[in-house]
Amino acid sequence: MLLHQAYMARALQLAERGLFTTDPNPRVGCVIVKDDIIIGEGWHQRAGEGHAEVNALQQAGQQSKGADCYVTLEPCSHFGRTSPCAELLIKSGLKNIFIAMVDPNPIVAGSGIIKLKEAGINVTVGLLTEQAEKLNVGFCQRMRLGRPYVRSKIAMSLDGRTAMASGESQWITGSAARQDVQKLRARSSAVLTGIDTVLSDDPSLTVRPEGDWYPSGQVIRQPLRVVVDSQLQISQQAKLLQGEGKVLIVTTVDTAVDYQAEVLTLPSQQGRVDLPALMAELALREINEVMIEAGSVLNGALLAAGLIDELVIYMAPKLMGDSAKGLFHLPALQTMAQNIELQITDMRAVGQDWRITAIAKEV
């Protein structure tokens with residue numbers, strides 16, 4: 001069993017190489033083993049290109065007959081941009097296939113496993129499932145719940161402040177933390193902000209990698225940038241409308257202004273964009289992971305609506321004072337019983353700052 005786990009762990013390492021490039025497809029890795037020797041490896045590198053199994057089988061060649069295969073996600077059984085991987089695995093003459101998790105996509109959802117078994121291949125499912133799920137948390141949630149996984153990034157001072165009373169917030173954290181944020185952007189399908197942040201900071205919200213963490217030779221995939229702008233206050237000269245990549249402006253009003261972006265009108269909830277409707281719309285657009293880079297008002301509204309799945313808080317060793325802005329704009333809580341409890345899943349130093357990752361605490 002330990003050897004099986006080691007091979008699947010290798011497949012997961014390979015899958016992670018597609019962290020920034022496979023969207024909207026899941027990140028998948030594959031390892032082919034014969035006589036305790038790895039004879040083929042592969043991972044899905046970009047949507048529309050070869051799947052992990054295809055790349056691994058190409059490397060293994062004729063040696064794949066009678067070999068074992070370790071793959072992090074159930075092989076597809078349908079025609080999409082590429083042909084079904086399940087059929088290719090069957091033709092290759094594999095003896096055993098180990099699968100980390102069943103594909104949550106209803107189009108697949110076990111049908112690939114059935115095909116493999118019907119062809120006489122021994123199939124084992126459930127090896128390092130938790131790790132495989134974590135790697136594709138957004139894809140899995142979109143398939144199961146019909147909404148993307150939402151991760152809110154917030155930079156704050158030691159006294160829990162995110163901006164000065166004037167709105168000034170650049171820069172609370174150091175350069176190492178800001179580059180770490182670039183990695184979160186790069187893995188996201190979309191970056192979502194509010195009009196207040198656009199008006200106060202005029203951000204570009206593009207991926208700008210420094211160092212060697214972005215895959216060499218790969219064109220930088222820019223996430224969709226989404227602006228929640230209920231009353232359509234955004235200027236045509238805003239930085240994010242000038243840069244590369246697609247922009248979606250979400251509003252509650254109609255407009256005749258010709259923005260260099262798509263404008264989407266959604267239903268209004270008390271004069272503001274219906275946020276659950278927005279998340280449903282993003283899921284329809286195959287958005288797996290959404291990164292929130294916004295102020296306290298939008299973050300508070302998303303949190304109150306139960307739409308934030310994960311908080312990534314960068315805490316700087318600074319004090320900003322009582323008049324500075326807090327993390328979330330929320331209704332006043334009167335008792336301790338009304339507290340929103342979180343579970344911290346990770347805490348680590350990033351340069352001079354601390355990164356705290358938390359999720360809603362399970363009751």
Side-chain angles (χ1 to χ4, degrees), residues 12 15-16 19-20 23-24 26-27 72-73 100-102 104 128-158 160-162 172-173 177 180-194 223 226 228 275-276 278-280 282-283 287-316 326-331 333 336-350 353-363:
L12 285 164
E16 195 169 6
L19 188 66
F20 308 122
D23 199 80
R27 299 122 183 174
T72 60
L73 183 69
M101 61 175 288
V102 176
L128 302 187
T129 302
E130 184 178 347
Q131 292 89 329
E133 287 258 2
K134 185 177 181 181
L135 187 61
N136 288 303
V137 62
F139 177 80
C140 292
Q141 179 153 299
R142 176 167 67 88
M143 290 298 166
R144 291 169 181 155
L145 302 181
R147 71 175 182 87
Y149 187 85
V150 178
R151 179 183 292 112
S152 180
K153 182 278 298 182
I154 304 174
M156 74 172 192
S157 61
L158 200 60
R161 305 297 174 173
T162 62
I172 295 174
T173 55
D180 199 57
V181 169
Q182 291 292 325
K183 295 178 184 179
L184 292 180
R185 279 187 194 170
R187 70 170 291 166
S188 302
S189 314
V191 176
L192 187 148
T193 193
V226 183
V228 178
L275 295 175
L278 171 56
M279 292 303 165
L282 292 179
I287 299 296
N288 293 330
E289 298 181 24
V290 175
M291 179 178 175
I292 309 299
E293 294 200 54
S296 61
V297 174
L298 182 53
N299 264 307
L302 288 163
L303 190 64
L307 294 175
I308 293 180
D309 299 293
E310 181 180 301
L311 293 169
V312 181
I313 300 172
Y314 293 87
M315 185 171 65
L327 277 72
F328 299 99
H329 178 71
L330 291 167
L333 305 180
M336 287 296 292
Q338 294 175 303
N339 287 347
I340 299 172
E341 290 195 54
L342 303 173
Q343 176 185 348
I344 294 176
T345 58
D346 186 73
M347 181 182 294
R348 65 185 64 198
V350 180
D353 308 306
W354 284 89
R355 187 185 72 197
I356 303 168
T357 304
I359 58 175
K361 188 173 181 180
E362 296 183 6
V363 180

Review point. Taking all non-hydrogen atoms of both residues, which atom of M291 and which atom of S188 are closest, and how far apart?
Key: CB-OG, 3.3 Å
Check your understanding: Is a side-chain donor or acceptor of N136 paired with a backbone partner of R27 at a separation under 3.5 angstrom?
Key -> yes
Exercise for review: Find the distance between CE (M279) and CG (L192) and round it off to the nearest 0.5 Å.
Suggested key: 5.5 Å
**Study point:** Any side-chain heavy-atom pair of V226 and V191 under 4.5 Å
**Key:** no
Review point. Who are the ring-ring contact (aromatic ring centres under 6.0 Å, His included) partners of F139, not counting sequence neighbours?
Key: none
Check your understanding: Do V228 and T193 come close enough that some side-chain heavy atom pair is under 4.5 Å?
Key -> no
Practice item. Give the C-alpha distance, both sets of side-chain angles, the deciding distance and a yes or no for side chain to side chain contact (heavy atoms under 4.5 Å, CB included) between E293 and R185. Key: CA-CA 10 Å; E293 294 200 54; R185 279 187 194 170; 2.6 Å; yes
Practice item. For T162 and G326, indicate whether the former's side chain and the latter's backbone hold a donor-acceptor pair under 3.5 Å. Key: yes
Check your understanding: Below 4.0 angstrom, N of the basic side chain to O of the carboxylate: do R355 and D353 qualify?
Key -> no
Review point. Roughly how far apart are M347 CE and I313 CD1, rounded to 0.5 Å?
Key: 9.5 Å
Point to revise | Pairwise side-chain contact, M101 with E133, heavy-atom cut-off 4.5 Å (strictly under) | key: yes
Exercise for review: Step by step, work out the side chain to side chain donor-acceptor pair (under 3.5 Å) result for N288 and R142.
Suggested key: CA-CA 6 Å; N288 293 330; R142 176 167 67 88; 2.6 Å; yes
Revision key, fill the gap. The reported gap from CG in L73 to SG in C140 (rounded to nearest 0.5 angstrom) is 7.5 Å
Point to revise | Verdict with reasoning, I154 to Y314, per side chain to side chain contact (heavy atoms under 4.5 Å, CB included) | key: CA-CA 6 Å; I154 304 174; Y314 293 87; over 6 Å; no
Exercise for review: Among I292, I359, T345, find the residue that satisfies the side chain to side chain contact (heavy atoms under 4.5 Å, CB included) test when tested with E310.
Suggested key: I359
**Study point:** Interatomic distance, L298 atom CG to L275 atom CG [nearest 0.5 angstrom]
**Key:** 6.5 Å
Practice item. Considering non-hydrogen atoms only, spot the tightest contact between K134 and R187 and give its length. Key: O-NH2, 4.4 Å
Exercise for review: Check D309 against P148 and note the closest heavy-atom contact, atom names and distance.
Suggested key: OD2-O, 3.8 Å
Review point. Does the T173 side chain pair with the main chain of A177, one donor and one acceptor, at a distance under 3.5 Å?
Key: no
Practice item. Supply the atom-to-atom distance Q141 CD to Y149 OH, rounded to the nearest 0.5 angstrom. Key: 7.5 Å
Exercise for review: Identify the heavy atoms of F20 and A186 that sit nearest to each other, and give their distance.
Suggested key: CD2-CB, 3.4 Å
Review point. Does a side-chain N-to-carboxylate-O contact under 4.0 Å join D180 and K153?
Key: no
Practice item. Write down the atom of L342, the atom of A358, and the distance for their closest heavy-atom approach. Key: CB-CB, 4.2 Å
Check your understanding: Distance from I340 atom CD1 to F328 atom CZ, nearest 0.5 Å?
Key -> 8.0 Å
Review point. Do you know the tightest heavy-atom contact between A15 and T72?
Key: CB-OG1, 4.2 Å
**Study point:** Salt-bridge present (R151, E289; N to O < 4.0 Å)
**Key:** yes
Point to revise | Derivation and outcome, salt bridge (Lys or Arg N to Asp or Glu O under 4.0 Å), residues K183 and E16 | key: CA-CA 13 Å; K183 295 178 184 179; E16 195 169 6; over 6 Å; no
Point to revise | Side-chain touch S189/V290, heavy atoms, less than 4.5 angstrom | key: no
